[in-house]
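The structure that follows is given in the form of structure tokens.
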Amino acid sequence: DGGITQSPKYLFRKEGQNVTLSCEQNLNHDAMYWYRQDPGQGLRLIYYSQIVNDFQKGDIAEGYSVSREKKESFPLTVTSAQKNPTAFYLCASSIADGEKLFFGSGTQLSVL
Amino acid sequence: KQEVTQIPAALSVPEGENLVLNCSFTDSAIYNLQWFRQDPGKGLTSLLLIQSSQREQTSGRLNASLDKSSGRSTLYIAASQPGDSATYLCAVHGNQFYFGTGTSLTVIP
């Protein structure tokens, strides 16, 4: 089945710790995105990548980092600089920027 | 910056009723608009995509319309079913996707 796989489903972070959320797609899409969803708020863009080895900051990139070394993979690292990391994180992809979005099932990140 | 609003935040209807969900946006310079469904604790599933040059799109019991000049879109759901219960989000694309906060729909059997 083609789709987007996010792992883990649940993740807990300790103070001062960096954690990495995985996102893999087998749709052969060029564009990939990371969004953060908080209760009562719309999805907010953290980072996006239109092509391998290139990515751009979204509206709330501070405290996060990404890499795009392979077309199918776009991992997100939540660093210790992100002071309020508790949220539901969603990875998405599209065949090209601005086209139909396909989403993974999300990772819920909580702070211990 | 694009602002996307969805009203009401929550809606309950009896099974079988036709209903309309609303989405409004502040900047009419959009590339497309998408409607999504989200079940609790899950990712988003794309329902319909309307290009800026189109007026509406249909898929089964769903019909989405777009009026760029007024900054509005509606999602019409015909003959609602309990399985339609979910949160429905709209997103507009200009230089990036901007999402509304969603309408939580409950269809009562």
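A note on names: the letters A, B, ... follow the listed sequences, proteins ahead of strands, and every chain is numbered from 1. These values consider heavy atoms only, across backbone and side chains, with no hydrogens, waters or symmetry-generated copies.
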Select one option (side chain, backbone, both, neither) describing which atoms of B:Gln6 are under 4.5 Å from chain A's heavy atoms. neither
Side chain, backbone, both or neither of A:Tyr35 within contact of chain B (heavy atoms, under 4.5 Å): side chain
Tell me, out of A:Gly106, A:Gly40, A:Gly98, A:Gly104, who's got the most heavy-atom pairs with chain B below 4.5 Å. A:Gly98
Given a strict heavy-atom distance threshold of 4.5 Å, which part of A:Leu43 is in contact with chain B: side chain, backbone, both, or neither? both
Treat each ILVMFWY residue as a node, draw an edge where side-chain heavy atoms are under 4.5 Å apart, and state whether A:Leu76 and A:Ile4 are in one component. no
Do A:Asp97 and B:Tyr31 make a side-chain contact, defined as non-hydrogen atoms from C-beta onward lying under 4.5 Å apart? no
Could you state whether B:Phe99 and B:Trp35 fall into the same hydrophobic cluster, counting links through intermediate Ile, Leu, Val, Met, Phe, Trp or Tyr residues with side-chain heavy atoms under 4.5 angstrom apart? no
If hydrophobic clusters are built from ILVMFWY residues whose side chains come within less than 4.5 Å, do B:Leu89 and A:Ile60 share one? no
Backbone N or O of A:Leu101 within a donor-acceptor pair of the B:Gln34 side chain at under 3.5 Å? yes
Would you find more than 12 non-hydrogen atoms of other residues, nucleotides or ligands less than 6.0 Å from A:Glu62 atom CD? no
Counting heavy-atom pairs under 4.5 Å to chain A, which of B:Gly102, B:Gly41, B:Ala9 comes out on top? B:Gly41
Under 4.5 Å from a heavy atom of chain B, the part of A:Glu99 involved: both
To check you understand the geometry: which heavy-atom pair defines the closest contact between A:Leu90 and B:Lys42, and what is its length? CD2-O, 4.5 Å
Give me the atom names and distance for the closest heavy-atom approach of B:Gln96 to A:Leu45. OE1-CD2, 3.3 Å
Is it true that atom NZ of A:Lys9 has more than 12 heavy atoms of other residues, nucleotides or ligands lying nearer than 6.0 Å? yes
In Å, rounded to the nearest 0.5 Å, how long is the span from OH of A:Tyr33 to CZ of B:Phe97? 5.0 Å
With a cut-off of 6.0 Å (strictly less than), are more than 12 heavy atoms of other residues, nucleotides or ligands near CD1 of A:Ile95? no
Between B:Leu44 and chain A, which part of the residue has a heavy atom less than 4.5 Å away: side chain, backbone, both or neither? both
Counting only heavy atoms not in A:Arg44 (residues, nucleotides, ligands), do more than 12 fall under 6.0 Å from its CZ? yes
Connected via hydrophobic side-chain network under 4.5 Å: B:Leu75 and B:Leu19: yes
